[in-house]
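Accompanying notes for the structure given below.
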Amino acid sequence: MTYKYLKTIKLYTTILIAGLISLNCSQKEQNQTPKGSKTQIDLRQLADVSEWQDDKLTLFVHFGSYSRLEGEWQGQLTDGPAEEIWARSGIFLNQYERMAREFDPKNWDAQKIINLARDTGYKTIIFSAKHHDGFCLFETETTKFNSVDFTPLNQDIIAEMADACQKANMNFGISFSLTDWHLPSAYPMSEKHNTPVSPEHHQTNLAQLKELLVNYGSVSEVYLHSGINSPEQSLELRKLIKETQPKCLISNGIGNNLGDFIATEFNQSPEFSLSTPWIQRSSAFENTLAYHKRTDNQDALSIAREKVREMIQVISKGGNYAFNIGPRADGSFSQTEEEIIKHMGRWIKVNRKAIFGIHPNPLNSSNPNWDLTTKDNKLYIFVHSVPANETIRLSGIENTIESVQFLGSGIKPDFRQMGQTHIIEWTSPAMADPMQLPVLEVTFKNPLKNLLRNPISVNPGDTILLNYENATKFRSISGMDQAANIPSVIGLKWNIVSDGNLHGQIQFKPEHQGRNLILRTANDTIRLTLKGKEDNLIRSENDTIETGKIFLTPAFYGCLQKVHINPNGSNRLQVSNSPWMSINPDKKAPYSPLPLSSTYHYLEVESENPQQFCYQISANDGLQVWLNKKQIMLALNPSPGDLMTKELVLDLKKGKNTVIIKNYNRLGSPDYFKLTPLPDAKWLKQSIDIPADAKFIKLGKDTGELLHSDIGLTDFSITLTSKN
C-alpha cells in the first residue's frame, strides 16, 4: 500500500470523523452556550481529587515507534530526547514510516509493567497512547499509522495495558500529544511542538480521544501535552472527556486553565509550593523519556537515591510524584532503569505509612536536614542528614509526644519536650538502608492541630491593614498552554487573633467594581460583590506627574516568561542589539503582529514627590511590567485574542521612574497596546463586618472563575478595627 493511498484514506477518514463530531456538537448547541452560562460553568467545575492525592505515586511509560531507534539514527547517537528523534534528526517522512513498519517488540508484555508498578507501590499507570510523531498504540479509524494496522506486531497495546490494569485493580491513564507530526493538517513539523492546533488537527484529536475514552474501559487521567489550543478547543476537549468519563481527571496540558490538576514539565519543580492539586513528573535521565542507548551502564543506586529524595520533597509539599520509564525496542526494560525503580520500590515498601494517604508538612518552617509528612496523630520525619548536635528539634507543636520509632527497624530513640519544642535524640536506625534515608514515626497523644501561620492580633483600639504583602498566598500555575505557564496567586488568607467583632474597610481599584469574591472565616462564608463608593484620589492631589514619551522595540519571538531585554540595564538602549524607537500613541504600531511574539515598551515618569499613580494598560495576551528595575506585574489574558485591559497603580519615587512593559501576543492578533494615564482615578471603598472568633479571613475567587487563574488583587486591602 503506497503512502499516497494511505494519505488519501487518512484525509477522507479525518473528514468523516469531523462530520460525525459536528453532528454531536452542532452550531446551534454552541450558540446556546454563551460565555458564563451554566453549562460552561459546569464544565469548569473541577473533579474530586482527594483519592488521587492520597495515592501519591504514578508510573509513566513512554513507548512507541520511536523506541525502535533507541536514540540512534544512521549509526549516530542523538543528543536530544529519543521520543523526538524524528524532528531533531531531520528524518524524512518515508524513512520514518519505513522504520515504524518494522516496530515489532517481541518482548512486550503488559503484565511486566503491572508487576514492576505493583511491586514498587505505584497505584496508577499512565501510558503514552500517542506522542508527537502521531503513531498510535491503539486501533483507530483516524489513521492507519498505528500498532495494529501499520506494523507486524498487529496488536492494540493500549487495549492490553488497560485490560492488565483492570485485572490488577490499578488505575489506568493515558498521555496524549496534541501535536501530530504525521498529520498533514498539522504541518509544518517543529521540534518545539508548541504550535497552534489547526481546526482539522483538533477534529482528529477529538476523534482519537473519543476512541480512547469509549473503547478501553475506565480511564482515570488524561495527560494532554504540546500544541496550543484556543479557548474554544480546550473547552470542547474538556466537554468530550467529562461527558464520556465524568470521573476522569485532566492535566493542565489541556490549556486555557481548564485542567483539574497541574502536571509539571518532566524533571522540573514548581517555583512555589502549590495550593491546587499537582504532580511532579520525573524521569531517571535528564534529557529523554523514551529509552536511549546513552543511558546504559549508569549508577542505578545513586540515581535511585536522588529520585527518592526528590519524591519526598514533593509529597512533603503536598504534591504527587510520577516516575517515568521507557522500554527498549524489543519491549523489555534496560537493566539500569529496572534497577533504579526496584531500589526505589524496596525503600517505599518499608516506609509506605509515611507516603500514602498523608498530608504535607504541617509546620510553618522547613529544615534542610529533613522533610515532614503527617497523618492523624502521627508525624513522619525523613532524615536526609543528621544534625551536628545529633538532635532533631521540632518547634511550634503543642501536642504531647507519646512515642518515637524508626519505620522498618522499630528502634525507639529517646525524646523530651521543652515548652513547644520537642527534642528527639539521634540514634542509629540499625537497619541497612541503601537509600540512606531513614524515617522516624512520631506519635502524639492527639491529632495535630492546624498551626497558625503569621497570626495577626487585632485588639480594641487597633487599626490593622491586611494587604497583598502580609497575606498567606495560595498558589497555582496559570496558563493558556506550555508556552505561557506562569505562577499565579489564586487566593489570600490572613490569620486573625481577636476576641470581638471586627469592622472592615475594603479598598480596591475601579477595575474591580462589580467583581464577585468569596470571603470565608472559621464560621462564615460570605459572597462578596465589590460595590464601593469613590474615596480618595490614587495620586497625591497637589503633586505633579509627567509621563514621558513611549519607546518601542521590534517584536521578539518566544513565550511570555522569556526575557529578551535586560530590565535591570543602566539605560533603555540595552536591548539585545536592537534599537528602541519612539512611537506615536495615536498612530498604528509600526510592526506587523506575529504569533508567539513580544514587544517591549519603555517610558520615564517624573514625580514631584513619592506617591501612587494609576495607568490603564491595553494589551494583547500577556503583560509583564517592571518599575525601577523591579517586576510588579505578570498577568495573562483569560480570553486570548481579545483586548486585555488592566489598571496598574505605580508606587513612584521622587524624581525619574523607569517603566518597562512587555506586551505578549500569543495569536498574532492586531496590536492592542495603549497606555493611558488616569490622573483622576480614585480608590473605591466598601464596608464589611466580620463576626467574632473569625480566626482567619480567606479571600477567594467566585466559583465561576477558573481555578488556576490569578486572583489579580495586588492593590486590594482591608483595614480592620475592633468593634468592641
Side-chain angles (χ1 to χ4, degrees), residues 56-62 71 79-83 116-117 119-124 126 263-274 278-327 333-352 354-356 358 360-361 366-373 380-387 406-408 429 431-440:
K56 289 303 173 192
L57 302 184
T58 294
L59 183 67
F60 255 79
V61 183
H62 273 81
D79 292 329
E83 66 275 12
L116 192 63
D119 291 346
T120 309
Y122 292 98
K123 305 293 184 70
T124 300
I126 306 296
T264 70
E265 293 295 302
F266 276 93
N267 298 315
Q268 292 184 21
S269 300
E271 187 176 346
F272 301 97
S273 292
L274 304 182
W278 64 285
I279 186 167
Q280 180 165 320
R281 296 183 290 178
S282 180
S283 65
F285 311 108
E286 190 65 28
N287 198 30
T288 189
L289 300 177
Y291 171 74
H292 197 299
K293 285 182 178 178
R294 58 176 159 77
T295 62
D296 285 339
N297 303 318
Q298 297 197 33
D299 186 345
L301 181 57
S302 64
I303 295 173
R305 286 173 181 163
E306 174 192 341
K307 293 303 172 180
V308 161
R309 280 161 175 75
E310 181 181 68
M311 175 184 71
I312 294 309
Q313 288 167 359
V314 168
I315 67 172
S316 71
K317 293 177 182 177
N320 282 18
Y321 187 76
F323 187 73
N324 177 79
I325 58 174
F333 300 112
S334 74
Q335 182 179 349
T336 301
E337 207 160 45
E338 193 166 358
E339 285 180 4
I340 291 169
I341 201 167
K342 286 183 176 179
H343 280 309
M344 295 175 68
R346 285 188 285 268
W347 185 89
I348 290 168
K349 276 186 177 181
V350 172
N351 299 291
R352 59 181 299 108
I355 297 170
F356 300 106
I358 52 83
N361 182 352
S366 59
N367 190 294
N369 295 314
W370 56 75
D371 284 305
L372 305 174
T373 61
Y380 297 98
I381 308 174
F382 301 84
V383 185
H384 298 293
S385 59
V386 181
F406 283 102
L407 292 181
M431 181 177 176
D433 179 9
M435 296 296 101
Q436 300 174 356
L437 184 58
V439 182
L440 284 165

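Keep in mind that what you see is a predicted model, and the values were worked out from it rather than measured. Values reported hereafter were calculated over all heavy atoms of this structure, with side chains retained and with hydrogens, waters and symmetry mates removed.
- The shortest non-hydrogen separation linking Phe333 to Pro327 is CE2-CG, 4.1 Å.
- The side-chain heavy atoms of Tyr380 and Ile355, taken from C-beta on, include no pair separated by under 4.5 Å.
- The two residues Ser282 and Glu310 make their nearest non-hydrogen contact at OG-OE1, 2.7 Å.
- The side-chain contact (heavy atoms from CB on, under 4.5 Å) with Val439 is formed by just one residue from the set Phe406, Phe382, Trp370; it is Phe382.
- In summary, of the residues considered (Ile341, Thr120, Ile126), a side-chain contact (heavy atoms from CB on, under 4.5 Å) with Leu59 occurs for Ile341 alone.
- A perpendicular orientation is assigned to the rings of Phe60 and Phe266, their planes being inclined by more than 60° (bins at 30° and 60°).
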If you apply the rule salt bridge (charged side-chain N to carboxylate O under 4.0 Å, His left out), what do you find for Glu339 with Lys342, and how did you get there? CA-CA 5 Å; Glu339 285 180 4; Lys342 286 183 176 179; over 6 Å; no
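- A 4.5 Å side-chain heavy-atom check between Arg294 and Asn287 finds at least one atom pair inside the cut-off.
- What you find for Ser334 and Asp296 is that their closest heavy atoms are CB-OD1, 4.1 Å.
- Counting only distance, with no hydrogens or angles, the side chain of Thr264 and the backbone of Pro270 share no donor-acceptor pair below 3.5 Å.
- For the pair Leu116/Tyr122, no side-chain contact is recorded, criterion being any heavy-atom separation below 4.5 Å from C-beta on.
- Residue Ser316 comes nearest to Asp371 through the heavy atom pair OG-OD1, 3.5 Å, listed as atom of the first residue, atom of the second, then distance.
- Judged by the 6.0 Å and 45° rule, Lys307 forms no cation-pi pair with Phe323.
- When all heavy atoms of Ala354 and Leu407 are compared, the pair lying nearest together is CB-CD1, 4.1 Å.
- Side-chain contact check for Arg281 versus Asn324: every heavy-atom pair is 4.5 Å or farther apart.
- Residues Ile312 and Tyr321 fail the side-chain proximity criterion, which asks for heavy atoms closer than 4.5 Å.
- Between Leu372 atom CG and Ile358 atom CD1 the span is 10.5 Å, to the nearest 0.5 Å.
- Between Lys56 and Asn320 the shortest side-chain heavy-atom distance falls below 4.5 Å.
- Note that the CG atom of Leu437 and the CZ atom of Arg309 stand 5.0 Å from one another [nearest 0.5 Å].
- Of all non-hydrogen atoms in Pro438 and Pro429, the two that sit nearest each other are CB-CG, 4.1 Å.
- At a threshold of 4.5 Å between non-hydrogen side-chain atoms, the residues Met311 and Leu57 count as touching.
- Interatomic distance, CG of Asp299 versus CZ of Arg305, reported as 8.0 Å (0.5 Å rounding).
- Between Asn267 and Ser283, the side chains place a donor N or O and an acceptor N or O closer than 3.5 Å (distance only, hydrogens not considered).
- Note: Gln335 CD to Gln298 CD = 13.0 Å, rounded to the nearest 0.5 Å.
- Between the Ser273 side chain and the Lys317 main chain, no donor and acceptor come within less than 3.5 Å of each other.
- Judged purely by atom type and a 3.5 angstrom limit, Glu337 uses its side chain to pair as donor or acceptor with the backbone of Gly326.
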